[in-house]
Amino acid sequence: MSDHLVRILTLDGHLRACAAVTTELVEQARKLQQTDPTASVALGRLASAAALLGSQLKGDQRLALMIEGNGPLQKLHAETDGDGHLRAMVKVPQTGLPPKEGRYDVAGAIGRAGFLHVSKDLGLKEPYRGMVQLVSSEIAEDLAYYLTTSEQVPSSVGLGVCLGPEAEVVAAGGFLLQAMPGCPEEVIATLEERLQALPPVTELLRSGLGPLAILQQLLAGLPFRVQGEIPLSFRCACSTQQILQLLRSLGREELQHLAEREEPTVVTCEFCRQSYPVTAETLQTLAAQGLEAT
Ligand code: ZN
């Protein structure tokens, strides 16, 4: 099954939900980032979370999730657009925390103390930015906490990543369930019971369920209408232009220093690991441009 996301709304209009399978794109991110198993699970959860939160975006609107914690991973970042293109990275891909009895210490890898940042570029003057402190560092709970407190939409989030014998990603994805304004308390209470009874999302994914089947399990008999289906894929939007912009921000002195070094300057994209060699002449030109600007 190719990576995709399904969005639904219940017929009574009280609940909206989406579920995604992200196995291929998370495996691609794992290979690119060379993550160890615990880092792969953390990265896969955040990438899936971005896919779910991005389900409301349109066209070139963008959403980014960033986690900064005091654990060995330091920083994780995932971005998506309205067309289901995703990219994700982790600052330190080796956690030094091997799985114990098949369990991955994601909270230990991220660190108990830290922040979840959400930014949305909806094509308005200023991007929207939100931030919460991490509550469990397991990502799903942190995201639900953010949505419920910061965006004030009661939300439940399930995220899962399963690894195979070679530490490859064999299943990844998740679901997001949200109460719409005016949703009666008893509907929320019934749902909470269902969520308690639902098998862990990793199990649902491992058994091969697709997004629609996951939503059917989640809503157990509540009639709903499918609002959209979005294919998901890993895509990095980095470019020479962006790399030059980044270099320009280093300032004249640093650029001149780089230009005078014997070793060639190569900038590597943190997301897709593409290398961009930059010639000394280009660095000199950038330095001169910086001088003109001041
Ligand atoms: Zn890139």
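Throughout, residue positions are numbered sequentially from 1 according to the sequence presented. As the structure is a prediction and not an experimental result, all values here were calculated from the model.
Judged purely by atom type and a 3.5 angstrom limit, T268 has no side-chain atom pairing as donor or acceptor with the backbone of Q274. Using a distance-only test at 3.5 Å, with no hydrogens or angles considered, no donor-acceptor pair links the side chain of T35 to the main chain of P93. Between the side chain of D121 and the backbone N or O of G123, at least one donor-acceptor pair lies under 3.5 Å. A donor-acceptor pair under 3.5 Å links the side-chain atoms of S155 to the main chain of V153, judged by distance alone. Looking at D3, its side chain does come within 3.5 Å of a backbone N or O of T23 through a donor-acceptor pair. D142 places no side-chain N or O within donor-acceptor distance of the main-chain N or O of Y145, the cut-off being under 3.5 Å. Between the side chain of S55 and the main chain of L52, a donor-acceptor pair closer than 3.5 Å is present. The main-chain N or O of V278 is never found under 3.5 Å from a side-chain atom of T265 such that the two would form a donor-acceptor pair. Judged by distance alone, the side chain of E193 and the main-chain N or O of T190 form no donor-acceptor pair under 3.5 Å. For the pair Q34 (side chain) and K31 (backbone), a donor-acceptor distance under 3.5 Å is present.
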side-chain contact (heavy atoms from CB on, under 4.5 Å) evaluation trace for F234 with L86: CA-CA 5 Å; F234 187 97; L86 270 109; 5.6 Å; no
side-chain hydrogen bond (donor to acceptor under 3.5 Å, both in side chains) between T38 and D36, intermediate numbers included: CA-CA 6 Å; T38 305; D36 74 6; 4.8 Å; no
Given the rule in the side-chain contact (heavy atoms from CB on, under 4.5 Å) test, do Y104 and S40 qualify, once you have shown the distances and angles that lead to the verdict? CA-CA 10 Å; Y104 303 95; S40 303; over 6 Å; no
Please assess E254 against Q256 for the test side-chain contact (heavy atoms from CB on, under 4.5 Å), listing each intermediate value before the final yes or no. CA-CA 5 Å; E254 182 65 26; Q256 233 143 28; over 6 Å; no
Give the intermediate values and the outcome of side-chain hydrogen bond (donor to acceptor under 3.5 Å, both in side chains) for residues T279 and T282. CA-CA 5 Å; T279 63; T282 306; 2.7 Å; yes
Begin from the C-alpha positions of L218 and L198 and carry the test side-chain contact (heavy atoms from CB on, under 4.5 Å) through to its verdict. CA-CA 7 Å; L218 192 64; L198 194 75; 3.7 Å; yes
Could you check H77 against F271 for ring pair (Phe, Tyr, Trp, His ring centres under 6.0 Å), going step by step and ending with a plain yes or no? CA-CA 9 Å; H77 192 123; F271 290 89; 5.4 Å; yes
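A50 approaches L63 most closely through the heavy-atom pair O-CD2, 4.0 Å. A49 approaches L143 most closely through the heavy-atom pair CB-CD2, 3.7 Å. Here the closest heavy-atom approach between residue G210 and residue V21 is recorded as CA-CG2, 4.2 Å. Minimum heavy-atom separation, L25 to S233: CD2-N, 4.1 Å. Heavy atoms only, all atoms of each residue included: S48 and V26 are closest at OG-CG2, 4.4 Å. What you find for A42 and V106 is that their closest heavy atoms are CB-CG1, 4.0 Å.
L212 and L159 sit in two unconnected hydrophobic clusters of ILVMFWY residues. Membership requires side-chain heavy atoms under 4.5 Å apart, directly or through other members. One hydrophobic cluster, built from ILVMFWY side chains closer than 4.5 Å, holds both F224 and L222. Hydrophobic clustering of Ile, Leu, Val, Met, Phe, Trp and Tyr side chains at less than 4.5 Å, counting indirect connections, unites L205 with L215. Residue L286 is grouped with residue Y276 when hydrophobic side chains (ILVMFWY) are merged at heavy-atom distances under 4.5 angstrom, including chains of intermediate members. Taken together through direct or relayed side-chain contacts under 4.5 Å among Ile, Leu, Val, Met, Phe, Trp and Tyr, L176 and V135 form part of one hydrophobic cluster.
Looking at E79 and R87, a side-chain N of the basic residue comes within less than 4.0 Å of a carboxylate O on the acidic one, giving a salt bridge. Under the 4.0 Å criterion applied to side-chain N and carboxylate O atoms, E138 and R45 are assigned as salt-bridge partners.
Between atom CD of residue Q33 and atom CZ of residue R30 there is a gap of 11.5 Å, rounded to the nearest 0.5 Å. L57 CG to R62 CZ: the interatomic distance, rounded to the nearest 0.5 Å, is 9.0 Å. Between L65 atom CG and Y146 atom OH the span is 8.5 Å, to the nearest 0.5 Å. Atoms CG and CD, on L32 and E270 in that order, are 13.0 Å from each other to the nearest 0.5 Å. For the atom pair CD (Q227) and SG (C18), the distance works out to 10.5 Å, reported to the nearest 0.5 Å. With rounding to the nearest 0.5 angstrom, the CG atom of L255 is 10.0 Å from the CD atom of Q289.
Taking 4.5 Å as the limit, some side-chain heavy atom of I139 sits within range of a side-chain heavy atom of I110. Between V92 and P72, the closest side-chain pair of non-hydrogen atoms is not below 4.5 Å. For the pair Y128/E126, no side-chain contact is recorded, criterion being any heavy-atom separation below 4.5 Å from C-beta on. Counting heavy atoms from C-beta on, the side chains of I188 and E192 come closer than 4.5 Å. Looking at V201 and F175, their side chains come closer than 4.5 Å, going by heavy atoms from C-beta outward. For the pair Q217 and L204, the minimum side-chain heavy-atom distance is below 4.5 Å. Using a 4.5 Å heavy-atom threshold, the side chains of V132 and F115 count as separate. Residues P231 and S2 fail the side-chain proximity criterion, which asks for heavy atoms closer than 4.5 Å.
Atom CD of E101 has 12 or fewer heavy atoms from other residues, nucleotides or ligands within 6.0 Å. Residue R194 qualifies as enclosed at atom CZ: its count of foreign heavy atoms under 6.0 Å is above 12. Other residues, nucleotides and ligands place more than 12 heavy atoms under 6.0 Å from the CZ atom of R261. Around the CG atom of N70, the shell of radius 6.0 Å holds more than 12 heavy atoms that belong to other residues, nucleotides or ligands.
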